[in-house]
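Both counts, for ligands and for their atoms, begin at 1 and track the order of listing.
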Amino acid sequence: MGRNGVGKTTLLNTVMGVLPARSGTVVFDGRDITRMPTHRRVGLGMGYVPQGHETFPHLTVLENLRVTWEAGTTRDKSVIDEALDVFPRLTPLLKRRAGFLSGGQQQQLAIARALVTRPRLLILDEPTEGIQPSIVAEIEDAIERLHRERGLAVLLVEQYLDFATRLADRFTVLDAGVVVHEGAGAELHDERVRGLLAV
Ligand SMILES: Nc1ncnc2c1ncn2[C@@H]1O[C@H](COP(=O)(O)OP(=O)(O)OP(=O)(O)O)[C@@H](O)[C@H]1O
Ligand SMILES: [Mg+2]
């Protein structure tokens with residue numbers, strides 16, 4: 001968590017290998033992956049949903065999912081159905097071009113696309129930012145179920161304190177590129193944390 005521009009996205013990009021680490025190490029499952037290319041991190045089980053719910057706008061919903069499936073290592077096509085089970089709203093839209101979906105539907109597609117690689121760690125950057133309120137709860141519930149029912153680890157950048165408090169075991173607050181506070185999810189309601197996040 002942290003105010004606008006403190007480096008949350010930059011940190012996630014570094015964790016995924018989209019940006020090189022200038023210092024420090026990235027460790028996944030006890031293994032140093034600091035210099036590993038992004039596609040190999042995906043192969044290890046890291047799935048990334050970048051900020052801004054970007055999809056391939058000229059491809060259909062199904063094609064968006066298939067592109068990720070074809071780039072991945074799993075030959076099991078049932079992963080596409082598994083991803084769609086998480087967001088039933090997408091099933092009647094499979095033949096629609098992603099560019100014609102609403103922002104909320106595009107975000108659901110972006111998360112479903114990351115699930116096609118069967119990640120063990122799902123990394124999400126402000127998944128409900130700019131999404132119409134009626135779909136925010138659906139996206140939050142899906143993330144919570146992926147964590148509690150399918151056992152996915154979740155690394156989430158989130159601006160909504162209530163959702164972060166409900167979901168998080170641990171939290172970290174950044175300011176100007178530096179960790180300024182860390183703690184257990186329940187402590188998110190402390191005055192001090194609220195002060196660090198206030199605009
Ligand atoms: N550790 C750092 N040291 C120096 N500059 C940084 C660091 N982390 C990020 N920056 C720079 O700060 C700017 C904002 O970073 P970034 O987009 O990661 O912030 P953010 O917290 O995701 O913002 P937003 O809330 O708007 O999404 C970028 O120009 C980035 O290059
Ligand atoms: Mg950001």
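- Under the 4.0 Å criterion applied to side-chain N and carboxylate O atoms, R118 and E82 are assigned as salt-bridge partners.
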Check: every ligand 1 N/O to protein N/O pair under 3.5 Å:
from     : atom 1 : to  : atom 2 : distance (Å)
ligand 1 : 18 (O) : T9  : N      : 3.4
ligand 1 : 18 (O) : T10 : N      : 2.8
ligand 1 : 18 (O) : T10 : OG1    : 2.5
ligand 1 : 19 (O) : G7  : N      : 3.1
ligand 1 : 21 (O) : V6  : N      : 3.2
ligand 1 : 21 (O) : G7  : N      : 3.1
ligand 1 : 21 (O) : K8  : N      : 2.9
ligand 1 : 21 (O) : K8  : NZ     : 2.8
ligand 1 : 22 (O) : T9  : N      : 2.9
ligand 1 : 22 (O) : T9  : OG1    : 2.8
ligand 1 : 23 (O) : G5  : N      : 2.8
ligand 1 : 25 (O) : N4  : ND2    : 3.0
ligand 1 : 25 (O) : K8  : NZ     : 2.8
ligand 1 : 26 (O) : N4  : ND2    : 3.2
ligand 1 : 27 (O) : Q51 : OE1    : 3.1
ligand 1 : 27 (O) : Q51 : NE2    : 3.0

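- Of the possible donor and acceptor atoms, one in the side chain of S102 sits under 3.5 Å from a partner among the backbone N and O of Q105.
- For the Mg ion (ligand 2), the N/O/S atoms of T10 include none lying under 2.8 Å.
- Salt-bridge annotation for D85 and R145: absent, with no side-chain N of the basic residue lying under 4.0 Å from a carboxylate O of the acidic one.
- Residues meeting the side-chain hydrogen bond (donor to acceptor under 3.5 Å, both in side chains) test with R66, sequence neighbours left out: E70.
- With a 6.0 Å radius and a threshold of 12 heavy atoms from other residues, nucleotides or ligands, E54 has its CD atom at or below the threshold.
- The environment of R148 atom CZ is dense: over 12 non-hydrogen atoms of other residues, nucleotides or ligands sit within 6.0 angstrom.
- Both M36 and I123 belong to a single network of hydrophobic side chains, linked directly or stepwise wherever heavy atoms of I, L, V, M, F, W or Y lie under 4.5 Å apart.
- For residue N4, no N/O/S atom approaches the Mg ion (ligand 2) to within less than 2.8 Å.
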